[in-house]
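Only one structure is covered here, and it is reproduced in the block below.
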Amino acid sequence: MLTKLCFVTSNTHKFLEAGLVARSMGIELEMCSNLKLELQGDNLEEIAMKSAMIAYTMLSRPVLVEDAGLFVEALNGFPGPYSSYVYKTIGIRGLLKLLEGVENRAAYFKSAAAIAFERGVLLATGEVRGTISTEPRGDLGFGFDPVFVPLGETRTFAEMTIEEKNLRSHRAQAVRKVLEAYVKKLVEPR
Ligand code: IMP
């Protein structure tokens, strides 16, 4: 019944993470990296929904879009929706510098996943709480993975396989939920 859904991203790591989740639900994701959507804003849900609508209009086919960010408690939620820019500019070293001598290392990753299709837009979110380590560890994953230790773990996300990260991650939760809603809609009578 369900075969392919276009995931608009140019991030291979995101694609592999979301792809595993989708496959476990019988859905094949296709990486649609030719469309560059770099919407900015201070709300992940809004960015994901708007991007999905734009991508659907441009590609004329059902699309999945995902937007994520790292929210650090001691920095009042910074970098949050601006994580991509902050990663590209000050990077992990810069983030660790901002947290030098700071005792409260609590942070969370949040993901908003949206699917736009003939019948509208679906949205789901996922969150994972954890702490920021004092130094980077591990070489798997991407972005801030080397400094994020999920709650109940001693390893950073960058020390975990995709399968292990997916058991806990913000993205796996959001993608699973939005795909579940999509499958439900597809079998619902109009
Ligand atoms: P994007 O806007 O969804 O591409 O994500 C913004 C930025 O947040 C990325 O460039 C990463 O630096 C960071 N980020 C989002 N999700 C993750 C993750 O799962 N691991 C590590 N960093 C992430």
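Atoms within each ligand, like the ligands themselves, are counted from 1 in listed order.
Closer than 4.0 angstrom to ligand 1 sit non-hydrogen atoms from K14, D67, A68, S83, S84, Y87, F109, F142, G143, F144, D145, K165, H170, R171.
Annotation: side chain to side chain donor-acceptor pair (under 3.5 Å) contacts of D42 (sequence neighbours excluded): none. Residues passing the side chain to side chain donor-acceptor pair (under 3.5 Å) test with E180, sequence neighbours excluded: none.
F117 and Y56 have their aromatic ring centers separated by at least 6.0 angstrom.
Residues I27 and V21 fail the side-chain proximity criterion, which asks for heavy atoms closer than 4.5 Å. Put simply, the side chain of M160 reaches to within 4.5 Å of the side chain of P150, judged on heavy atoms.
The other residues sharing a hydrophobic cluster with V121 are M49, M53, L123, where clustering joins ILVMFWY side chains under 4.5 Å apart.
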